[in-house]
Amino acid sequence: MDQSLTGRELSHGCCSYSTLKAWLPILSWLPQYKLKYLQMDLLAGLTVGMTTVPQALAYAEVAGLPVQYGLYSAFMGGFIYTFLGTSKDVTLGPTAIMSLLCFSVVGGQPHRAVLLSLLCGLIQAVMALLRLGFLLDFVSYPVIKGFTCAAAVTIGFGQVKNILGIQGVPQQFFLEVYYTFYKIPEARVGDVVLGLLCLTLLIILMFMKSSLGSDSAPTCTRAARKLVWAVATMRNALVVIAASLVAFSWEAYGHHVFTITGRTTQGLPPFRPPPTSDTIANGTVVSFGEIVEGFGGGLAVIPFMGLLESIAIAKAFASQNDYRIDANQELLAIGVTNIMGSFVSAYPITGSFGRTAVNSQTGVCTPAGGIITSVIVLLSLAFLMPAFYYIPKASLAAVIICAVAPMVDYHVVVKMWKIYKLDLLPFAVTFLMSFWEVQYGIIGGVAVSGVLLLYRMARPQIKISDHGALLMELNSGLSFPATEYLSHVMHTQALQVSPPRSVVLDCHHVSIIDYTVISELRDLLRQFNLREVQLVFSRLQPSVLKVLLAADLQGLRFTNSVEEALQMELGNLFTDYNQTRQIPVQSCRSNTDE
């Protein structure tokens, strides 16, 4: 009876409540939801919402899209992540890096940006269902830092033209640098003054927030600290509102002093499938296949970088706040958000570090805070779009510059130099190539990191010492790329010298062995036998010894310790592999030379 019950439980395991909770994490925290959680989630959601709206408008500019597309991209994540996310802190939405990547692929074409969101979401969701989150482990930290530093420089400098109020500057980075300086005489005084004022205010508020004292202070001081913290946290929204009022005042009197955002589409976006074709200016229809072909490598880079950015943020805050996340579930949440976002004209999104930090610092208790943020974005779309007409582009540029400036982490170069200088190579390749094309920088950095990884596998460290026989200690594993190098070292150090030397190979760090290695070892044993010297293996792992025995190598000798191997060379101890103490061998014929 117990056995049949167990069988029924196993057969319905995929439909169990625990499995459902794994796919819908909201079922884990919603039953324990408290009124105190609601209060903190409301506060956090309102605070993040006030940060999200101006940032979303600004990041749409980075993506080369009308500003309303930033808001279209900012609300779906809050709803979806509440059900599927495993981090209480993460907020999904448009970010500077994803906006830059999107622009590099679609060139500011809204229909293609929306279709890109759908395709990225499908790729991310499939990766989650296939449990492919481990692929992110192959992107090294130097590549990530090289990319983020280059992206910050690219995005930040790209906003200088809006601070100056100049037009007609190309988007390609090197041309952008040249024409920005070339057109400085055309700068508009109003934009320059307003942009610098906004930058100054944002920097002052940022420093005020970072220099706040501890909570162990008198009540009045704590109240003042909270007020300063609230103003500094909402600095983006407050600065944009103040700049818009200034611009409105001048426009009302007929003075066009500032470059303003201009007319935007009011109201909520229609819920409809993303377009599968596009029509260019001359009326030519571009098919779905041609659009996808035009995306090129971006269709691989954008989903991957979106996952990498969001999961890195989730892991950082999970560690800080003492909880765990499920990486594959995070992939699913981002993928579904991008899929559903494409039905409301969103471009690709990911986790935002800045808004996640605000969410965490405000004391959010559950992912439900994202719902409040999304409602604020929807209310802005429904009622505030006419007011966005007067937002000066210089103020949005100031918001973007202050948001990306902390990403330029020059200290990391010094740290890499001190710890492992070779890591500077993928960092430099990624950093420099990203100024050419962002996706090329990422691909180039990953390729260089892969080459370095393969080089370390193909050239393992071998420590050689003389004890009568040569003792060669492999300081890392032994796999097929390393066989040629190991053979070369043994030939030059032992077989091609006069007289030839016996070798004791310390295999303590070797845990896996393959057919290529076996083939090379068979040839080495034959070469040692021809020169009447010995190759003795010591400290073999049981799994490796089992493979060597199965390979039936002629002349195979091994010992349990280096000392025994050195004695074997002196003729004091010869051990048949049937007598090994590491694993029992019942029925193996001896291959030891008599």
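Under the rule for a side chain to side chain contact (heavy atoms under 4.5 Å, CB included), Ala312 has no partner lying at least two apart in sequence or in another chain. In this view, Thr86 and Pro25, Ile325, Asp326, Gln329, Glu330 satisfy the side chain to side chain contact (heavy atoms under 4.5 Å, CB included) rule, not counting sequence neighbours. By the side chain to side chain contact (heavy atoms under 4.5 Å, CB included) test, Ser487 is found to be paired with His491, Glu520, Leu524, residues two or more places apart in sequence or in another chain being considered. Applying the side chain to side chain contact (heavy atoms under 4.5 Å, CB included) criterion to Phe480, with sequence neighbours excluded, gives Asp514, Thr516.
For Trp23, the CH2 atom is densely surrounded, since the number of other residues' heavy atoms within 6.0 Å is greater than 12.
A pairwise comparison of heavy atoms in Val90 and Ser310 identifies CG1-OG, 4.4 Å as the closest pair. Listed here is the closest heavy atom pair of Gln55 and Ala403: NE2-CB, 4.2 Å. Across Ala333 and Tyr81, no two heavy atoms sit closer than the pair CB-CD1, 3.9 Å.
Looking only at distances, no side-chain donor or acceptor of Asp89 sits under 3.5 Å from a matching main-chain atom of Val364. In this structure, the side chain of Ser352 does not engage the main chain of Thr91 through any donor-acceptor pair within 3.5 Å. Under a 3.5 Å cut-off, the side chain of Glu564 and the backbone N or O of Thr559 do not form any donor-acceptor pair. Between the side chain of Ser360 and the backbone N or O of Ala357 there is no donor-acceptor pair closer than 3.5 Å.
Within the 4.5 Å cutoff, the side chain of Leu505 has heavy atoms near those of the Met490 side chain. For the pair Ile464 and Gln493, the minimum side-chain heavy-atom distance is below 4.5 Å. Residues Cys402 and Ile203 are in side-chain contact: their nearest non-hydrogen atoms beyond the backbone lie under 4.5 Å apart. Between Gln554 and Arg522 there is no side-chain heavy-atom pair separated by less than 4.5 Å. Gln541 has its side chain out of reach of Val510: every pair of non-hydrogen atoms, C-beta onward, lies at least 4.5 Å apart.
The aromatic rings of Phe181 and Phe157 sit tilted, their planes meeting at an angle between 30° and 60°. Ring-plane geometry between Phe431 and Phe427 is classed as parallel, the angle between the planes falling under 30 degrees on a 0 to 90 degree scale with a further cut at 60.
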Side-chain polar contacts of residues 445-461 - donor-acceptor pairs under 3.5 angstrom, sequence neighbours left out - could you list them?
from	atom 1	to	atom 2	distance (Å)
Ser449	OG	Ser140	OG	3.0
Ser449	OG	Gly445	O	3.1
Arg456	NH1	Tyr420	OH	3.1

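Donor-acceptor pairing under 3.5 Å is lacking for the side chains of Ser511 and His509. Side-chain contact check for Ser87 and Tyr323: at least one donor-acceptor pair (N or O, by modelled atom type) lies under 3.5 Å.
Each salt bridge (Lys or Arg N to Asp or Glu O under 4.0 Å) pair with one or both residues in residues 491-505, not counting sequence neighbours, appears once here: Asp466-Arg501.
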